[in-house]
Structures are given as structure tokens and as C-alpha cells.
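Numbered from 1 within each chain, the chains take letters A, B, ... in sequence-line order.
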2 protein chains.
Amino acid sequence: MILDERKAMILKAIIDDYIITAMPVGSRTVSRKKGVGFSPATIRNEMSDLEELGYLAQPHTSAGRVPSEKAYRLYVDSILKSPEVNPEEKAHIEDYISRRSGQVEDVIRAAADMLADATQYTSVIVAPRIQSLRIKRVQMVPVDEGSALMIVVTSAGIIKDALIAIPNDMTSENLFAISEMLTRELSNHTLAEVRQIFARVFRDMSMNRRLLGGVMKAMEEKLVEDAPEDIVIGGTTKLLNYPEYSDIEKAKNFLTLFENKDRLAAMLKNSGGMQISIRIGNENEMDALKDCSLVTATYRVGDYASGTLGVIGPTRMNYRRVVSMMDFMGNVISKMLSGNTNEV
Amino acid sequence: MILDERKAMILKAIIDDYIITAMPVGSRTVSRKKGVGFSPATIRNEMSDLEELGYLAQPHTSAGRVPSEKAYRLYVDSILKSPEVNPEEKAHIEDYISRRSGQVEDVIRAAADMLADATQYTSVIVAPRIQSLRIKRVQMVPVDEGSALMIVVTSAGIIKDALIAIPNDMTSENLFAISEMLTRELSNHTLAEVRQIFARVFRDMSMNRRLLGGVMKAMEEKLVEDAPEDIVIGGTTKLLNYPEYSDIEKAKNFLTLFENKDRLAAMLKNSGGMQISIRIGNENEMDALKDCSLVTATYRVGDYASGTLGVIGPTRMNYRRVVSMMDFMGNVISKMLSGNTNEV
DNA sequence: GTTAGCACTCATCAGGGTCGAGTGCTAATT
DNA sequence: AATTAGCACTCGACCCTGATGAGTGCTAAC
């Protein structure tokens, strides 16, 4: 089912045109393109074949042709090798992001904005899964009579905190001592392992059972269990600039998507572990994305944790640019976030 | 320029109807309402008067009448006294929000969601201005070789943090000692005063000049100066459900508004210190809000700090409900956030 | 195998007619 | 004097129509 060279060339021309104009492409238009040395009639015959093969579709009898998802798929697969981002742009992006020192949230925020800006589509970045991170320090800071802020510093400089209740008579020296102890016990373990470790600690030392109970509860509840996904969205309204979203219903559907961040994160993450994954139109499970394409990539933090970044645009998006941009951006994020992390 | 009773009644009927239907209201419609004992003809005469007085407008000759901003203003002023939120709803909201323990961010997030949900308009809440908060504790937690997380706990349990650079040979005991010292020096002062205090400390003790320099720089840069406004938005897409936003251009304008949070915060905050302020249509400075109304209220945190909450909806919004909801919500937030704060 | 020619299709748009909601005015009623 | 009924008038919404033009498929000529 491989296309001969001329068909492929014509199909490519049609897709290229459609990516820009979002209008059905006619035979005349194709034949006028440079590099295409055939008359409209010839093109028509080929287009007719392509339609039969399922690569093109006609919105109505006397309209031009529109590429099908199958066509995009072919196009995308054939194009992935040849990236295209100019060096100045790269430098600019890297500079902007690296200016955000440290905090993972900030880096991701900056990256999402840059990605949306560079592609002119909507971008989404999911922070690394927290359960898989290794704890480096645990520290409690008194906030109030009876409450303290528990801070967990993990590898890769990702920091999580939660308010916990403490006994009223606890001094800050006391808290410090306990923090040191917890750090000793927990460091180098993942958050997911915390529960078992606590079980052991509880047996070993009877000290401050009540406080430890509170700490453990907070860790489980706030840091492990229902921790909402950390997910950042850039350029939410970018897609409204494209004609396919001039229908208010579609726009609304699309925008509501971002209100449920957990679902969004879930969707982004099942990219099957591919380095770069592209889902076109109906290849997406979510209804609101049925006429969008979603390009996702993975970035790494240190040696174990990883996160996902994605771009959502119309099916006729500029895949070449998006893919290379994602590739580049993934590397930048990895570099920024792993830079912090010296060994554990 | 006060309206006689009948005119007022007719005007109110028109506004009430328009709030629901978003369609020009005709004399017949008004006359059919219960409580209005007049024929369409009579109503027409009154409506004609009201138009002359500037309370009504006609989109075109043979259409019904539409309330002007002046009418809304009158309506709103006359209605502010009589709140309307049912007790179960109140209980539900209070319960939902109080479930978010502690962290200011969480409370505000929850409140914004609730507010948007209860009103079916878009809600905005600005966190208390950080400069005016009093410091309760300063604590540094080592993160990495050469970097630490500085945490500033302020009154009202609002917590700010920033990554700072520290000398490589700093131990955690060392950091703890310095934290204690900083806490002693800074507690009970506002962030805005930090600079002067540092000047004094610098003279008094020569210890660890380099670290202190870093701390001070971080405080100034990250916590005082360009700290972006903490602002939370709920129900961004809610307004898309109203016919006045079925125009994609308007929708886009409106949505882009939320991308510049600083401007948004600035606008919310200049409500002239009123308890509840309502800006209708052109009373708003921002173009994107020219055909919206903005209702803002103030909440307090402890005795000194305060923040703003707001609802954005179409000019024909249900003012009665929104106002009473804002009033209630402001109190809930105040209570939640001040509850934490025992004396400093 | 390629192309020119031609009849055919169909979305888009402007013009024109009808319909109905709503008005303003005038005259009749209370 | 206030209210109401009646009526002519206005104007947007809707539907139908025909013209236009982009684009197609087929056939015959090159």
C-alpha cells in the first residue's frame, strides 16, 4: 500500500497547503505549485486515486480535497527525521528558561509558555511523578501554636510541603531534632516507600508517637495519595485563533478540557513510553480532541523520574516544527532540572 | 430625577426579564407579568418615558427595550440591601472550603471554584498583599550542595519560599542557628521593612556576611519586588455559556484577559476600598470588560492584611445573587484565614 | 501517458418577499 | 385625566431564488 513517488509528492503538496490555509485544496492550486510539472487534469486523476486509497476526502462534490487522518499519519511518519528549529530561536528559549533558577514549578511554567509561544498552539507540561522521587530532606518549620509546615525536599530539587498538626508544647529545637531524625531515616527512599519505613520507625522508638503519626498521615494524604497532578498549561487561548475553532461549541469543549487536570495528565502520560508520540484526530480517546492532534514527548529528571510535555493543535498543525520543537524543549527541561541534581 | 413607583416597577420588571432571557423586552411581555396590572399600551407610554430618561434603549425601531447601564446602576443600588442565598447552600460552601486545611493558596483556590460554581460566572480572587504581612518565622532548609530553600512564614499562615545560594560548607545545624537568629530579628516586622533591618544587622554582627547577603537579596528580589500577584481564577469558561459571548472575538478577548494576571489584579484592587463595589459595563477601564460587569469585595486576614475577590459576568448578571454570594464568601474566607492566626 | 475542453455540481452570496414582534399615535372608554 | 383599544408603520428574521465561481469527472485529442 505504498504510494508511488508522484502520488506522494501531490499528497504532500496538498497537506502543506492545507496546513496553511485550512481550506480544501483544488487541483489547480496544486498544479501551480513549483516542483509540480503537471496540469490540473493530471493532478485530478491522481487525486481521485488518492481519494480511493483513503488519503483524501471531499467535503462536498465540487469542493477541493482535504487530507484524511491517514494522510497526516503518513506525512508525519515520513517527516519525523528532519527537524527544523533555527539556532537563534533555540538560544532565546534556552536563555529564557535558564533564567528561572531552581524551583521545578518555575522551570515548567516557563517552558510551557515558551512552547506555546514558539508553536502558537496550546502546550501542556506534566511535572515528574512525585511518588518516584527520592527524598533528600524532611524539615518541619513551626507556623503557629499547634501547626507546622512540613517540607520534603526531593532529588531534582522538587519541593513539596504540607501543613500538619503538632503538639502544642513543641519547641522549634525539638522540631529540628525530629526533622534531622526523619531525614536520616527517609533520605534516599522514595515517597512511595514511606509507609513501610514508618512502620519500622514506630517500633524502634517510642518517642513522640503522636507527632510522628501526624507526619506520616500528612505524607500519605497530601504527598502520596491524592496529590493532584502538577500540570501546567500554556497558551490556552492560542487555538481560538484558528478557523477550526470559530465554532463556539467546539471552543468551549476544548477549553473545558483544561479544567480537569487529572484527566488531562492521565491522557498525556499514556503515550506508551515513546520518545515522541503523535496522536492525530480520532487516535485520541477524548472527545474534545477528536479533531485535534496531540504531540507528546518525555523529559527526564535525574536518572529515574520523568515527566511529559505535549502540544495540542488542529490536525493540520505544522508537525515538522512542532516535533522538532518538542524534541528540543524536552532536552532543555531535562538539562535544567537535572542540572540541580548532584548525586543523592 | 427619582422615578415614580410605577416607572420603577416597570423598569425592575424589564431588568428581571432581561437578566434571564438576554432578549429585548416588549410591552406585552411586561404587561403579562403578575403584579403589573396595566395593558401593553400603558406600559408603552411609560417605557417611552423611561427611554427618554436614559434608562432604556432600543436596539432598533421595532424591537423591545433593553436596560441601559444607568438602569442597572439604579437597580443595583436599590437592591444591595436584600441578600439572597439559601442556608443549605451556605452550609455546603462553608463545609467545602473549611475542608481545605491551612494553606492560603488552597483556601483561595477552593473559594474561587465555589464562587464560580455558585454564581455560574467567572470568579477571581487575589491573595493578600504580601508586603503588608508580618513575618513570623524564617527558616532555611538545605536542598543541595550550595543551595537552600528559604521559607518565610508570615502571619495568617501564608508561606513564601525561594531558593537561595549558600556557601558550600554550611551544615544544617549552622543553617538552623542562622534561621533562629533571623527569626528573632525579623519576626513581627513586615516584609517591606526587611531592608532596613538588614542594614542594622549587617553592622552589628560580622558573622556570615556572605550568607546574609544572599538571604537579603533573595528576600528583596523574590519576595518583595517582582513577586507576581497571587491570583486565582475560577470558572474561566463559564461565560462562554451566555449568548453575549457566542461571538468568538469577544470570547477570545475575554479569555486573554486572564493571561496577564498582574493587570487583572491591579484592576480588581482599585475598588476604592469599598466593601462591595460594582462596576457596570463602561465603568470598567479595561476594554475587554466594557460589556461585562465586575463585582468586587474585600476580605480581611487577621487585622492588617486584606485581599480582593471578584465576579465577572454579563452586564445583565443576577446582581442580587452575586452580591449576596460575594458578601457571604468574603466572610467565609476571612474566617478561614484569620482562624489560623492567633496573635503574633 | 498527458492534457484540453466541457458539462455538471454545489457552496456562497446578494436580492426580494413574507411574517411577526413591537412600536407610536389617535381616538374611544372609564 | 388616566387608561385602553385599534391601527398603521418599522424592521429584523427567515426563506426562497438566481447568479457566480471554484472545482470536479469524463471524453476525446495530442
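- When rounded to the nearest whole Å, the span between CG of B:D49 and P of C:dT23 equals 14 Å.
- C:dG24 atom P lies 12 Å from atom CG of B:L50, rounded to whole Å.
- Side chains of B:N241 and B:Q120: a donor-acceptor N/O pair is absent below 3.5 angstrom, by distance only.
- Side-chain nitrogen and oxygen atoms of B:R65 include none within less than 4.0 Å of the OP1 or OP2 phosphate oxygen of C:dA21.
- Partners of B:F254 according to the ring-ring contact (aromatic ring centres under 6.0 Å, His included) rule, which considers only residues two or more places apart in sequence or in another chain, are B:Y245, B:F258.
- Taking atom CG on A:L56 and atom P on D:dT24, their separation rounds to 10 Å, with Å as the unit.
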Under 3.5 Å, sequence neighbours excluded: what are the donor-acceptor pairs made by side chains of residues 10-20 of chain B?
from: B:K12; atom 1: NZ; to: B:D16; atom 2: OD2; distance (Å): 2.7
from: B:D16; atom 1: OD1; to: B:Y75; atom 2: OH; distance (Å): 2.9

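- With rounding to the nearest 0.5 angstrom, the NZ atom of A:K252 is 11.0 Å from the CG atom of B:L239.
- Residue B:Y55 holds its OH atom at 12.5 Å from CG of B:D49, rounded to the nearest 0.5 Å.
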Measure all distances between protein nitrogen or oxygen atoms and nitrogen or oxygen atoms of nucleotides 7-11 of chain C, and list the pairs falling under 3.5 Å.
from: C:dT9; atom 1: O2; to: A:S62; atom 2: OG; distance (Å): 2.8
from: C:dC10; atom 1: OP1; to: A:T61; atom 2: OG1; distance (Å): 2.8
from: C:dC10; atom 1: O4'; to: A:S62; atom 2: OG; distance (Å): 3.3
from: C:dC10; atom 1: O2; to: A:S62; atom 2: OG; distance (Å): 3.3

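- In terms of the side chain to side chain donor-acceptor pair (under 3.5 Å) criterion, B:N45 has no residue partners (sequence neighbours excluded).
- The CD1-C1' distance, from A:I10 to D:dT24, rounds to 15 Å in whole Å.
- Under the side chain to side chain contact (heavy atoms under 4.5 Å, CB included) criterion, A:A22 pairs with A:P243, A:E244, A:R316, sequence neighbours left out.
- Rounded to whole angstrom, the span from the CZ atom of A:R28 across to the C1' atom of C:dG5 amounts to 15 Å.
- Spacing between atom CD of B:E5 and atom P of D:dA2 amounts to 16 Å, rounded to whole angstrom units.
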Please write out the pairs of protein N or O atoms and N or O atoms of nucleotides 1-4 of chain C separated by less than 3.5 Å, giving the distance to one decimal.
from: C:dT2; atom 1: OP1; to: A:R6; atom 2: NH1; distance (Å): 3.0
from: C:dT2; atom 1: OP2; to: A:R6; atom 2: NH1; distance (Å): 3.2
from: C:dT2; atom 1: OP2; to: A:R6; atom 2: NH2; distance (Å): 3.3
from: C:dT3; atom 1: OP2; to: A:S39; atom 2: N; distance (Å): 3.3
from: C:dT3; atom 1: OP2; to: A:T42; atom 2: OG1; distance (Å): 2.6

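- In this structure, the CD atom of B:Q58 is 10 Å from the P atom of D:dC11, given to the nearest Å.
- Distance check, rounded to the nearest 0.5 Å: NZ of B:K261 to CD1 of B:I233 gives 4.5 Å.
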* Asked: Given B:K269 and B:T296, is the side-chain contact (heavy atoms from CB on, under 4.5 Å) satisfied, shown in steps?
  -> CA-CA 9 Å; B:K269 286 199 291 194; B:T296 58; over 6 Å; no
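- One atom, CE of B:M47, and another, C1' of C:dA21, lie 12 Å apart when rounded to the nearest Å.
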